[in-house]
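Starting from 1, each residue takes its place in the sequence as its number.
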Amino acid sequence: MRHFKLIMNKNILDLSVLIWFSFAFISQFVFATYVTLFYGKATLTGNLENWNKVLPHGYVKGEGLGNFIVGIHLFLAIIIIIGGPLQLITKIRNNFPKFHRYNGRVFILSAYIISLAGLFMVWVRGSVGGLIQHLSISFNAILIIIAATFVIINARSRNIKQHKNWAIRLYLLVNGVWFFRVGLFFLLYINKGPAGYDPSTFQGPFLSFLSISQYAIPLILFELYKFTKRKEKLIWNYIMSIILLIFTVIIIIGTYAVGKDMWVPKMLE
């Protein structure tokens with residue numbers, strides 16, 4: 001009987017993970033569609049200055065190399081947002097191993113380039129926000145490079161378990177920008193407006209917290225999930241499931257808010 005209960009509660013935890021991942025994937029797909037349509041249209045029509053409607057200092061007249069780096073960053077963001085989740089789906093990994101390998105290589109290379117491009121955009125091109133946000137973004141980029149490297153190391157050594165763990169960490173890290181936007185618009189929706197920061201300067205304690213938590217919280221949740229799996233205690237399964245469902249609700253509300261106020265209107269421009 002105890003064994004049956006443990007199996008049932010493990011299924012509850014796995015179901016909670018599946019629900020979280022499903023809504024995250026949907027939200028990320030909408031985000032990727034927005035980036036493709038808005039920035040893609042601006043690029044193809046030659047109206048690169050439209051980048052600046054959303055991305056301050058995204059386009060600077062006369063700075064060809066800098067504009068190219070920003071463009072590469074945006075293009076690879078689409079590849080990462082779409083390709084990342086596909087690496088984690090078991091059926092795709094098992095049934096299409098060749099796709100998994102090649103998609104993984106593209107994903108890793110994109111992660112390296114997008115991190116370096118992000119550092120350029122923050123410290124050379126310039127970005128909104130304060131020093132804490134810039135340092136946090138830079139640390140996120142460094143963590144992405146580290147995680148990507150360990151994904152490669154463990155793949156080559158055939159350490160599948162650690163390869164998978166680092167792949168999940170990398171997936172969470174490269175989606176920091178998405179986590180930030182969903183978290184910000186969740187606050188705006190719940191509070192009916194800004195709180196904890198100045199919208200004119202885009203600085204304040206909440207944004208400093210969010211710039212760190214955009215990768216720290218997902219990583220902590222993943223480590224808690226692994227801890228729960230090891231402990232095999234029913235109470236931990238329940239607690240972890242509830243935590244995941246709470247963050248799923250945040251994703252749903254945040255995605256609805258940012259989609260309604262930003263992503264969809266920009267797609268239709």
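Interatomic distance, CG of Asn140 versus CG of Leu119, reported as 9.5 Å (0.5 Å rounding). Annotation: the span from Leu221 atom CG to Ile246 atom CD1 amounts to 10.5 Å, rounded to 0.5 Å. Distance check, rounded to the nearest 0.5 Å: CD1 of Ile12 to CG of Leu245 gives 10.0 Å. In this structure, CG on Leu219 lies 11.0 Å from CD1 on Ile168, to the nearest 0.5 angstrom. Once rounded to the nearest 0.5 Å, the distance linking CG of Leu116 with CD1 of Ile142 reads 10.5 Å. In this structure, the separation between CD1 on Ile217 and CG on Leu210 is 8.0 Å, given to the nearest 0.5 Å.
Taking Ser127 as the reference, His134 meet the side-chain contact (heavy atoms from CB on, under 4.5 Å) condition, with sequence neighbours excluded. Remark: Ser136 engages Tyr215 in a side chain to side chain donor-acceptor pair (under 3.5 Å) (not counting sequence neighbours). Taking the side chain to side chain donor-acceptor pair (under 3.5 Å) definition, one finds that Ser138 meets it with Trp123, sequence neighbours left out. The side-chain contact (heavy atoms from CB on, under 4.5 Å) check on Ile235 picks up Lys233, Ile239, with sequence neighbours excluded. Legend: residues meeting side chain to side chain donor-acceptor pair (under 3.5 Å) with His57, ordered by chain and number and at least two apart, are absent. Residues passing the salt bridge (Lys or Arg N to Asp or Glu O under 4.0 Å) test with Lys226 are Glu223, sequence neighbours excluded. Lys266 meets the side chain to side chain donor-acceptor pair (under 3.5 Å) test with Glu269; sequence neighbours excluded. Under the salt bridge (Lys or Arg N to Asp or Glu O under 4.0 Å) criterion, Arg93 pairs with no residue at all, not counting sequence neighbours.
Val249 and Met240 fall within a single hydrophobic cluster, where Ile, Leu, Val, Met, Phe, Trp and Tyr side chains are chained together by heavy-atom contacts under 4.5 Å. A continuous path of Ile, Leu, Val, Met, Phe, Trp and Tyr side chains, each step under 4.5 Å between heavy atoms, connects Val17 with Ile220, placing both in one hydrophobic cluster. By the criterion of side-chain heavy atoms lying less than 4.5 angstrom apart, applied directly or through intervening Ile, Leu, Val, Met, Phe, Trp or Tyr residues, Ile26 is not grouped with Phe21; the two fall into different hydrophobic clusters.
Contact of the Val151 side chain with the Phe107 side chain is not registered, since no non-hydrogen atoms from C-beta on lie closer than 4.5 Å. In this structure the side chain of Phe247 reaches within 4.5 angstrom of the side chain of Ile250, judged on heavy atoms. The shortest side-chain heavy-atom distance between Asn11 and Leu15 does not fall under the 4.5 Å cut-off. Annotation: side chain of Gln203 is not in contact with side chain of Leu207 (no heavy-atom distance under 4.5 Å). At least one side-chain heavy atom of Tyr197 sits less than 4.5 Å from a side-chain heavy atom of Pro194. Ile19 places a side-chain heavy atom less than 4.5 Å from the side chain of Phe23.
The shortest heavy-atom contact between Ala111 and Ser115 is O-OG, 2.7 Å. Counting all heavy atoms, side chain and backbone alike, Ser211 lies closest to Ser208 at OG-O, 2.7 Å. Minimum heavy-atom separation, Ser213 to Pro218: O-CD, 3.3 Å. Residue Ser241 comes nearest to Asn237 through the heavy atom pair OG-O, 2.7 Å, listed as atom of the first residue, atom of the second, then distance.
For Asn47 (side chain) and Glu49 (main-chain N/O), no donor-acceptor pair under 3.5 Å exists by modelled atom type. Looking at Asn52, its side chain does come within 3.5 Å of a backbone N or O of Tyr59 through a donor-acceptor pair.
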May I have the list of side-chain donor-acceptor pairs in residues 64-88 shorter than 3.5 Å, sequence neighbours left out?
unit_1 : atom_1 : unit_2 : atom_2 : d
Asn67  : OD1    : Val60  : N      : 3.0
Asn67  : OD1    : Arg125 : NH1    : 3.2
Asn67  : OD1    : Arg125 : NH2    : 3.3
Asn67  : ND2    : Val60  : O      : 2.9
Asn67  : ND2    : Glu63  : O      : 2.9
His73  : ND1    : Ile114 : O      : 3.3
Gln87  : OE1    : Asn103 : ND2    : 2.7
Gln87  : NE2    : His100 : O      : 3.0
Gln87  : NE2    : His100 : ND1    : 3.3

Side-chain donor-acceptor contacts of residues 172-189 below 3.5 Å, not counting sequence neighbours, with atom names and distances?
unit_1 : atom_1 : unit_2 : atom_2 : d
Asn175 : ND2    : Tyr171 : O      : 2.8
Trp178 : NE1    : Ser27  : OG     : 2.7
Arg181 : NH1    : Val177 : O      : 3.4

Checking side chain to side chain contact (heavy atoms under 4.5 Å, CB included) for the pair Lys229/Trp236: CA distance, chi angles, key distance, verdict? CA-CA 9 Å; Lys229 281 287 192 179; Trp236 281 106; over 6 Å; no
Audit row: Ile152, His163, side chain to side chain contact (heavy atoms under 4.5 Å, CB included) steps and yes/no: CA-CA 8 Å; Ile152 296 172; His163 170 70; over 6 Å; no
Worked verdict on Tyr225 versus Leu13 for side chain to side chain contact (heavy atoms under 4.5 Å, CB included): CA-CA 9 Å; Tyr225 169 77; Leu13 178 58; 4.0 Å; yes
Go through the steps for Phe139 and Ile212 under the test side chain to side chain contact (heavy atoms under 4.5 Å, CB included), then give the verdict. CA-CA 9 Å; Phe139 187 57; Ile212 298 171; over 6 Å; no
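Grouping Ile, Leu, Val, Met, Phe, Trp and Tyr by side-chain contacts under 4.5 Å, direct or through others, puts Leu268 with Val264.
Judged by the 6.0 Å distance and 45° axis criteria, Arg230 is not positioned over the aromatic ring of Phe227.
Open room surrounds CZ on Phe150; 12 or fewer heavy atoms of other groups in view lie less than 6.0 Å from it. Enclosure of atom NZ in Lys41 is not indicated, since only 12 or fewer non-hydrogen atoms of other residues, nucleotides or ligands lie within 6.0 angstrom.
For the ring-ring contact (aromatic ring centres under 6.0 Å, His included) criterion with Trp263, the lone passing option out of Phe29, Phe38, Phe31, Tyr256 is Phe31.
Note on ring orientation: taking the six-membered ring where Trp is involved, the planes of Phe206 and Phe209 are tilted (angle from 30° to 60°).
Evaluation of the side chain to side chain donor-acceptor pair (under 3.5 Å) test over residues 142-159, restricted to residues two or more places apart or in two chains, returns Tyr112-Thr149.
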